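Below is one structure; the comments refer to it alone.
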Amino acid sequence: RKEVEQDPGPFNVPEGATVAFNCTYSNSASQSFFWYRQDCRKEPKLLMSVYSSGNEDGRFTAQLNRASQYISLLIRDSKLSDSATYLCVVNGVDSSYKLIFGSGTRLLVRP
Amino acid sequence: DGGITQSPKYLFRKEGQNVTLSCEQNLNHDAMYWYRQDPGQGLRLIYYSQIVNDFQKGDIAEGYSVSREKKESFPLTVTSAQKNPTAFYLCASSRGTAVYEQYFGPGTRLTVT
């Protein structure tokens, strides 16, 4: 089983739609969780950290479910510029510095 | 502007040659990392360094070497021993002595023929 698993997609949605991605992680001892965004042929950029109580940043909402070991990202009112690959990231517990990156979920927002 | 720089953006080499990729940060971050990304795949950790003059192997260190002589710099050498060196190489840094988010440089695309 992969340490971090994501549905690769692509998710193809119209502008204005709400879309949600889930990610599961294997190590119950993981403590830190992030969502990154990666545009085609570019570096990943931090979208948001994921806190235990859930957190929101504008149109983006992240949730953590420790009991089921999954993280979600909800995007409301999708924009064309949201088209990208979204990476789920979890800390590795064998080293406090190590982050484990999922392979990403691709989102395509169409006009 | 604070950030991470990598050079060059594109690099072409012949098989059998060693090549060194540059990574510099002016964020005053303690930790630095090297990842490789292959088409359609996730990031895989090559090496990481928590402090100057110290570094650890990641998941795929074979065929690579690093140094950390200065806090700002973490160069990666891809040696001729690396079987499949063609990839997108990403350098990242993070602050402190706990788990923090990592910030990435723009990457170097290495093509070996």
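Since the structure is predicted, the reported quantities are computational estimates derived from the model, not experimental observations.
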Item to complete: Say whether A:Glu43 and B:Gln6, considering side chains only, have a donor N or O and an acceptor N or O under 3.5 Å apart.
Response: no
Discussion item. So for B:Gln56, is it side chain, backbone, both, or neither that comes closer than 4.5 Å to the heavy atoms of chain A?
Written reply: neither
Discussion item. Using the rule that Ile, Leu, Val, Met, Phe, Trp and Tyr join whenever any side-chain heavy atoms are under 4.5 Å apart, tell me whether A:Val90 and A:Phe21 fall into a single cluster.
Written reply: yes
Worksheet entry | Hydrophobic cluster identity match, B:Ile4 and B:Leu21, side-chain contacts under 4.5 Å | no
Worksheet item: Who in residues 69-89 of chain A is close to chain B, using a strict under-4.5 Å heavy-atom cut-off?
Response: A:Leu87
Fill in: Distance (rounded to the nearest 0.5 Å) between A:Leu99 CG and B:Leu43 CG
10.0 Å
Discussion item. Strictly less than 4.5 Å between heavy atoms, which residues of residues 101-110 of chain A line up against chain B? Please order them by number.
Written reply: A:Phe101, A:Gly102, A:Ser103
Worksheet item: How long is the span from the NZ atom in A:Lys98 to the OH atom in B:Tyr48, to the nearest 0.5 Å?
Response: 6.5 Å
Response to the item:
Listed by number, the residues in residues 81-90 of chain B that come under 4.5 Å of chain A (heavy atom to heavy atom) are B:Phe88, B:Leu90
Discussion item. Does A:Glu3, at its CD atom, have more than 12 non-hydrogen atoms belonging to other residues, nucleotides or ligands within less than 6.0 Å?
Written reply: no
Discussion item. Is it true that, when you exclude B:Lys71 itself, more than 12 heavy atoms of the residues, nucleotides or ligands shown sit nearer than 6.0 Å to its NZ?
Written reply: yes
Worksheet item: Which bit of A:Gln6 is near chain B, if near means a heavy-atom gap under 4.5 Å: side chain, backbone, both or neither?
Response: neither
Worksheet item: Are the side chains of B:Arg109 and A:Arg41 in touch, meaning some heavy atoms are under 4.5 Å apart?
Response: yes
Worksheet entry | Test side chain to side chain contact (heavy atoms under 4.5 Å, CB included) applied to A:Leu46 - qualifying residues, sequence neighbours left out | A:Phe34, A:Tyr36, B:Glu101, B:Tyr103
Fill in: Linked, directly or transitively: B:Phe104 and B:Val66 (ILVMFWY side chains, under 4.5 Å)
no
Worksheet item: Under 4.5 Å between side-chain heavy atoms, hopping through other hydrophobics if needed: is there a path connecting A:Ile100 to B:Ile60?
Response: no
